[in-house]
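See below for the structure under consideration.
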Amino acid sequence: MAKTYDYLFKLLLIGDSGVGKTCVLFRFSEDAFNTTFISTIGIDFKIRTIDLDGKKIKLQIWDTAGQERFRTITTAYYRGAMGIMLVYDITNEKSFENIKNWIRNIEENASADVEKMLLGNKCELEEKRQVSRERGEQLAIEYGIKFIETSAKASIRVEEAFFTLARDIKTKMEKKLKEASNPPKGGHQLRASEPQKKPTSWLSRCTLL
Amino acid sequence: MPDCSEYYQTEISEGRNKRVIKCKFCSSVILTPSSASFTRLEVRKYICLNLIIFHVTMYEPVIIIYKLPHIRQTKGSESDPETEDIIHFWAVEDMMTFYNVGFSNTVGNTKYLTCADCEAGPIGYHDIPSKMSYVALSRVLHSNSTEKN
């Protein structure tokens with residue numbers, strides 16, 4: 001059968017335990033007497049399809065599956081990863097401080113050109129906030145990566161976050177392909193500036209890009 | 001729970017799924033039309049007949065009933081989950097054919113399939129040795145619209 005997609009990106013979610021990496025908008029309900037079969041086993045990865053500028057993109061998204069409890073994630077886990085979502089919990093100072101450790105871990109284990117993005121999750125819990133948005137922005141600037149505040153629970157901007165990361169990987173990949181087929185022959189090369197993403201609506205919704 | 005093929009005939013076109021396959025609980029799109037093939041799991045059961053002069057080997061197809069764990073389990077049944085017998089599946093050769101889906105951690109040779117959005121499942125299973133995935137017809141919704149409603 002013909003391939004049903006244009007690109008396949010492997011993405012990882014990384015961050016401390018309890019930051020809500022696996023939290024989704026709606027969990028199949030559990031009560032005092034019943035448990036769900038899947039929640040007992042746990043989810044390994046998900047496949048999602050998105051449409052980006054007319055291209056079908058498959059995202060294979062992996063969670064650390066509790067490995068992060070040991071504070072180290074092995075090289076095997078990072079193998080082939082093209083994008084990493086660094087997730088902290090805005091109501092948990094420690095999870096934010098640990099982002100630096102996670103970045104170090106990525107630098108030591110992952111491929112150098114992996115796209116990264118910082119996610120401040122649980123932004124629906126404003127009254128419990130310990131990490132200001134400005135600090136998140138500042139950290140992202142320091143590492144030269146994008147930042148967005150999300151609420152996986154209330155399904156706020158999670159999709160945007162994945163679209164942004166996927167778009168950055170796609171742009172990088174297409175640039176590489178172009179350079180490979182058309183290597184620069186010395187001198188200066190003029191390149192049209194990348195189209196700006198519409199920043200207006202995103203800014204008004206407690207995020208920075 | 002009846003799992004009769006007559007009911008599903010209208011969903012099959014040239015052996016494949018005619019309509020969009022969605023999650024029953026949240027309508028997340030799992031498979032787009034014509035991306036999976038209708039399957040009844042079968043094995044060949046060999047029958048040896050030792051007649052006086054001939055030795056005849058015959059076989060007849062035997063339908064496999066897959067014991068798919070229930071979505072909801074009674075607490076305490078984790079080690080021995082309650083199951084439902086399933087015969088009819090949508091077979092998917094390449095896991096990347098799925099539009100949206102979740103894969104559980106491995107249990108034996110199997111990874112169970114779930115909805116990628118609400119994580120309801122198992123809606124089917126993935127067989128690691130053959131790399132085939134099977135979605136139970138009775139655990140998904142067949143719909144004309146790709147819209148998530």
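Naming convention: chains lettered A, B, ... in sequence-line order (proteins, then strands); numbering from 1 in each chain. Fair warning: this is a prediction, and the values are worked out from it, not measured in the lab. The figures here come from the full heavy-atom set of this structure, side chains too, leaving out hydrogens, waters and symmetry mates.
- We find the CD-CZ distance between B:Glu82 and A:Phe37 to be 11.0 Å, quoted to the nearest 0.5 Å.
- At least one side-chain heavy atom of A:Ile38 sits under 4.5 Å from a side-chain heavy atom of B:Tyr112.
- Atom NZ of A:Lys100 has 12 or fewer heavy atoms from other residues, nucleotides or ligands within 6.0 Å.
- Judged by distance alone, with hydrogens and angles left aside, the side-chain atoms of A:Asp44 form no donor-acceptor pair with the main-chain N or O of B:Thr106 at under 3.5 Å.
- Distance check, rounded to the nearest 0.5 Å: CD1 of A:Ile43 to CG of B:Leu113 gives 10.5 Å.
- Counting heavy-atom neighbours within 6.0 Å of A:Glu97 CD, excluding the residue itself, gives a total above 12.
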Check: Going through the checks in order, is the salt bridge (Lys or Arg N to Asp or Glu O under 4.0 Å) test met by B:Asp117 and A:Lys46?
Finding: CA-CA 9 Å; B:Asp117 282 319; A:Lys46 285 181 183 177; over 6 Å; no
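- Closest non-hydrogen pair, A:Ile41 versus B:Val107, comes out as CG2-CG2, 3.8 Å.
- Summarising the geometry, atom CE belonging to B:Met96 is positioned 3.5 Å from atom CD belonging to A:Gln60; distances are rounded to the nearest 0.5 Å.
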Next item on the list: For the pair A:Ile47 and B:Asn100, evaluate side chain to side chain contact (heavy atoms under 4.5 Å, CB included) and give the outcome as yes or no after the intermediate values.
Entry: CA-CA 5 Å; A:Ile47 292 167; B:Asn100 293 306; over 6 Å; no
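- The candidate with the highest count of non-hydrogen atom pairs below 4.5 Å against chain A, out of B:Cys115, B:Gly102, B:Ser104, is B:Ser104.
- Between A:Phe45 and B:Phe103, the ring planes are parallel. Angles under 30° get that label, and only those over 60° would be called perpendicular.
- With a threshold of 4.5 angstrom between heavy atoms, B:Val101 approaches chain A through its backbone and through its side chain.
- Of the possible donor and acceptor atoms, one in the side chain of A:Lys58 sits under 3.5 Å from a partner among the backbone N and O of B:Phe98.
- For A:Leu59, no part sits under 4.5 Å from any heavy atom of chain B, backbone or side chain.
- More than 12 heavy atoms of other residues, nucleotides or ligands shown are found within 6.0 angstrom of CD on A:Glu134.
- For a residue to count as touching a neighbouring chain, one of its non-hydrogen atoms must lie under 4.5 Å from one of that chain's; by this rule B:Pro69 touches chain A with the side chain only.
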